[in-house]
Amino acid sequence: MEKIDCPARRETTEGIAVPSKTSMVGNTPGVFARRSDLSFFANHDDQTRLVPSEAIERLVSLYLQAAKEKTAHVALVWPGALSAIPLLHSLACFRLWEDGYKRGVRGLYYPSKRNSFHALNHVFISRSGLVGLANRVFEPCDGSTNEQVHESLRSKDSFLFAVNSQRKELAEASLRPCINELLPHFNQETPAQGWVSYSDHFFFRLKSKLCGRKQATALKQCVFPELGNPQYAPDALFALGHRLPHDSLAGALRTLRKVGLPDVVLIDGSWNSIRSVKGWQQRVVGLIRLLREMFKEHCPGVLVVMDEPRHMSWLQAALLRDNDEPPSRVRLQQHGFVYTAVGLGLEPKTGERCHPVANCRVRVVVTDFEVGDVIDKLYHSAKRLEAQGHDASSLWHVTNFLAKLSHLPGSSMILMNELHRRDAPPSAIGAFDWLHHKVPLLEFMRSGDALDERPLVEELLRKADRLVEAYRNNTPLGLRVESEVQAAFQAGRNVSVVVRNPLHKSVLQSFLVRAGGNARPPHPTAQVVAAGQLAGGVLEGDTLIYADMSAAILRDIVCGTFSGFEMVVALTAPMAWQLKHTLDPLLLMPEFAAFHERLKQVLDDIERQFAGAGASLLQDIEFRQPVFKLTTYEENDASVSDAEAVLVELENGLLLRRGLHSRTYVYDPDRAADGYSGFHPIEVENLQVGQQVFVMSGELRELIEASLHERGFATGKHLEFEEGLRLYHERVRTQANRLFQGNRAAQARMLRDKILRRDARLEPELGNVYHWLNLANSSETPFEELAPQAPRHFNAFRAFCQELRFSDVEIQWFWDFIIRPLRGRRRKDGRWLSDIYSRILFDPDSAIAYMGLSAATINSLRQKALENVFSVLEVVPPEPIVI
């Protein structure tokens with residue numbers, strides 16, 4: 001096995017700790033592609049060994065190459081994605097230890113978040129493998145040398161052997177350290193935060209169980225402080241938070257002059273990392289420029305890891321834009337790594353490694369070029385205003401709304417019905433309402449801030465009005481999916497349709513069976529699946545239709561295992577446009593040659609249809625197609641009185657309202673070991689600032705519900721309310737038709753005007769009058785899918801019913817015995833179900849035993865749960881009762 005040196009450090013006259021010029025073996029292509037014997041990672045026992053995948057091995061080699069040669073690289077991992085980029089630093093250190101370079105490598109990681117290192121709490125090192133490594137690089141105390149050791153660090157011996165110093169019964173239980181117990185990381189999230197010693201985190205599960213108080217004390221006092229001190233830690237990873245402003249980044253880098261300059265900078269450009277980082281391109285470019293300006297010839301190597309080809313192109317373009325130097329000095333060296341999974345990149349040790357490519361026919365159909373033209377012009381108009389220093393946020397909101405609405409696989413009317421059926425909060429419904437975005441843009445133009453763009457924006461707004469009105473009944477994408485489903489059924493084929501998320505799934509299912517649409521097919525309706533529910537499963541059938549585009553869907557298209565007759569990819573013009581510019585860079589990278597034929601098929605279909613529509617595909621605008629999804633959280637517990645309510649403020653802006661004795665799940669890294677999730681329940685009254693709590697999101701809840709429904713579990717019946725709710729709907733429909741002329745939209749306008757004349761103060765609540773009257777399909781809708789479709793507050797409800805000439809007795813009865821209690825019961829069920837679902841996530845043995853969920857499903861859901869963990873900023877207990 002070739003050796004890769006880890007440089008020792010010395011102080012320069014400038015006071016910057018930099019690598020010394022040690023003798024190093026050249027990093028040849030053979031080293032870049034080499035395999036190592038890192039097989040001592042364990043899953044849940046010492047028998048199940050894991051090794052880095054081929055892509056990870058090569059990434060580690062590139063990381064070490066950047067550290068050695070002080071070069072800058074960008075690595076594209078595709079079509080899969082790595083879920084824990086900091087693992088690369090850990091693997092690099094393990095490789096160096098294994099090769100006899102006991103000081104490892106020092107790294108800098110950016111942009112870090114509070115949960116960036118959570119995954120490493122669940123990556124365990126085999127106890128026997130770690131002891132074997134310690135024996136291999138042990139340096140005798142008698143002064144003799146170990147030929148296997150090329151870089152001495154005697155304190156590392158006691159550290160590595162610590163895991164072997166357990167009581168006999170503990171050793172037999174095969175307790176293993178996780179990566180975060182072996183490798184220090186120093187996280188700086190705020191400007192005032194310094195680099196704090198990592199000593200207490202080393203072997204935090206084992207050091208209290210070491211045999212002999214003297215040995216435990218010696219390790220704690222002599223070994224851990226040296227290896228855990230930021231100034232001396234030889235293999236540390238310094239992490240800089242994603243919220244640090246530019247000045248704070250510069251300050252943090254200056255502190256590294258004192259504690260030791262890192263050998264390499266690891267920049268996490270994966271979509272999972274940067275999607276919530278505003279202006280991520282400028283932040284990454286700014287950091288690279290800071291490093292070069294501040295450290296000059298001592299600048300560490302740089303490795304940017306990305307999983308989105310389009311983002312890689314944007315980053316390279318931003319580097320060229322913001323630098324005056326020649327492109328050869330500014331651009332990052334590009335490398336491609338084929339990785340088809342999603343996860344850590346560790347896998348069971350096997351001999352076979354292949355990159356499957358789907359072999360069925362793929363056909364792309366593009367629709368809705370009208371919205372593509374409007375979005376393109378709105379984008380450039382907003383960019384021109386911003387270039388003049390003006391705020392164009394109202395333009396961006398409208399652009400995003402149109403993009404979201406256009407790739408809804410159905411209609412906006414069905415979408416609103418679905419939101420009300422779920423009793424979504426007004427804030428969520430407002431985000432799906434056209435007026436919510438249109439009114440600020442009108443005010444923006446009236447104020448004169450649109451400048452010379454005003455005539456164009458007015459024209460685009462008129463077009464947008466027509467588009468939104470058309471989308472009320474059906475979107476072109478929904479119609480195209482429906483026609484593809486019908487064609488497949490008529491050809492005698494079974495059909496599955498994959499959409500982006502559970503919300504789109506509900507909308508499409510309702511759209512395919514809506515009354516008044518095309519005739520129902522003679523075969524059972526299509527199976528509709530949300531992409532997140534696949535979890536690696538294979539859909540059966542003859543025709544597979546993708547009604548959206550995402551990283552998971554694209555991965556299925558190029559290397560999935562679907563064995564049916566045909567894949568159909570139905571896209572709006574903006575989505576196809578984005579896909580084209582995502583795939584283009586891959587054709588220029590020989591590392592992805594195995595996928596080029598499939599990619600050219602997709603691109604040829606897109607380009608042919610754009611040419612036929614007279615639309616341009618040449619320019620890639622930096623616009624990422626947004627999507628409608630319910631990311632709401634269970635924020636309030638309405639059943640808790642003010643006297644017992646605890647308010648909990650979280651880092652993402654959520655304000656939770658919980659009862660003193662209600663249950664919440666706290667993430668504790670110390671517990672994230674040996675197969676445990678790291679979550680444990682506590683009562684809210686015991687919650688402390690700084691703890692990290694799990695909050696159930698709407699998206700995760702829907703994924704769990706879908707998994708339970710597949711096992712035959714159903715929720716939300718409450719059939720005792722069915723007769724009364726159907727009676728209310730029938731009365732509203734009958735009275736509206738008797739009292740108001742015209743179609744439903746005309747009826748809604750007239751009724752709204754009459755209510756406003758009665759009480760103008762109700763105007764904020766009257767945006768949904770159309771929905772309250774839209775009851776034509778309620779009699780055929782199953783009760784568990786039926787929403788009250790009534791005003792949220794009693795004053796508006798009473799005025800609405802009075803204009804429909806309900807009696808006072810009817811009004812009070814419907815409100816007190818049907819509308820309000822049904823909403824309350826479903827809301828209470830929501831909190832109850834959230835607790836049940838939390839137990840499914842964090843008590844998997846019970847879920848597997850009682851509900852029949854597979855371990856793979858539980859693990860997939862639990863991984864998603866880690867995205868819903870937030871730090872507690874403040875806990876406000878209820879005020880004490882004064883007697």
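Predicted, not measured: the structure shown is a model, and the values here were computed from it. All heavy atoms count here, side chains included; hydrogens, waters and symmetry mates do not. Throughout, residue positions are numbered sequentially from 1 according to the sequence presented.
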- Note on the structure: To the nearest 0.5 Å, atom CG of Leu253 lies from atom CG of Leu240 at 6.0 Å

- Item | Residue pair Pro86 / Ser116: nearest heavy atoms and the distance that separates them | CG-O, 3.9 Å

- Message: I need the Leu287 CG to Leu108 CG distance, nearest 0.5 Å.
- Response: 6.5 Å

- Message: With side-chain contact (heavy atoms from CB on, under 4.5 Å) as the criterion, how do Asp268 and Ile274 come out once you've worked through the C-alpha distance, each side chain's angles and the decisive distance to 0.1 Å?
- Response: CA-CA 8 Å; Asp268 188 349; Ile274 64 175; 5.9 Å; no

- Message: Pair Leu120, Leu87 - check side-chain contact (heavy atoms from CB on, under 4.5 Å), show working.
- Response: CA-CA 7 Å; Leu120 303 189; Leu87 180 62; 3.9 Å; yes

- Query: Between CE of Met306 and CH2 of Trp271, what distance do you get to the nearest 0.5 Å?
  - Reply: 10.0 Å

- Item | Test item: Leu82 and Ser270 side chains (from C-beta on) under 4.5 Å apart, heavy atoms | no

- Taking Arg106 for its side chain and Phe238 for its backbone only, find out whether a donor-acceptor pair lies under 3.5 Å. no

- Message: Is it the case that the side chain of His89 and the backbone of Asp235 share a donor-acceptor pair, with hydrogens and angles ignored and the cut-off at 3.5 Å?
- Response: yes

- Query: Are Leu687 and Val872 side-chain neighbours, meaning at least one heavy-atom pair lies under 4.5 Å?
  - Reply: yes

- Evaluate side-chain contact (heavy atoms from CB on, under 4.5 Å) for Leu183 paired with Leu237, printing each intermediate quantity in order. CA-CA 8 Å; Leu183 284 157; Leu237 185 60; over 6 Å; no

- Query: Is the backbone N or O of Ala92 less than 3.5 Å from a side-chain atom of Tyr63, with the two atoms forming a donor-acceptor pair by type?
  - Reply: no

- Task: Check each of Ile85, Leu91, Leu88 against Leu59 using the side chain to side chain contact (heavy atoms under 4.5 Å, CB included) test, and report the only one that passes.
- Result: Leu88

- Where does the angle between the aromatic ring planes of Phe117 and His185 fall among parallel (under 30°), tilted (30 to 60°) and perpendicular (over 60°)? parallel

- Query: Asn686: what forms a side chain to side chain donor-acceptor pair (under 3.5 Å) with it, not counting sequence neighbours?
  - Reply: none

- Query: Quick one: are Val60 and Phe94 in side-chain contact, heavy atoms under 4.5 Å?
  - Reply: no

- CZ of Arg283 to CZ of Arg243, rounded to nearest 0.5 Å, is 9.5 Å

- Task: Determine yes or no for a side-chain-to-main-chain donor-acceptor pair under 3.5 angstrom, with Asn187 supplying the side chain and Ser112 the backbone.
- Result: no

- Heavy-atom closest pair (Gln692 atom, Val869 atom, distance to 0.1 Å) is CB-CG1, 3.6 Å

- Message: Just so I know, are the side chains of Val265 and Tyr110 near enough to count as touching, which here means a heavy-atom distance under 4.5 Å?
- Response: no

- Message: Using a 3.5 Å distance criterion without hydrogens, assess whether the side chain of Lys113 forms a donor-acceptor pair with backbone atoms of Ser273.
- Response: yes

- Item | Intermediate values then yes/no, side-chain contact (heavy atoms from CB on, under 4.5 Å), Val123 and Leu50 | CA-CA 10 Å; Val123 181; Leu50 303 173; over 6 Å; no

- Query: Which heavy atom of Cys178 sits nearest a heavy atom of Phe124, and at what distance?
  - Reply: CB-CD2, 3.9 Å

- Which pair of non-hydrogen atoms, one from Ala81 and one from Tyr339, has the smallest distance, and what is that distance? O-CE2, 3.5 Å

- Query: Can you tell me how far the CG atom of Leu249 sits from the CD atom of Gln188, to the nearest 0.5 Å?
  - Reply: 9.0 Å

- Message: For a 4.5 angstrom cut-off between non-hydrogen side-chain atoms, does Leu346 reach Ile56?
- Response: no

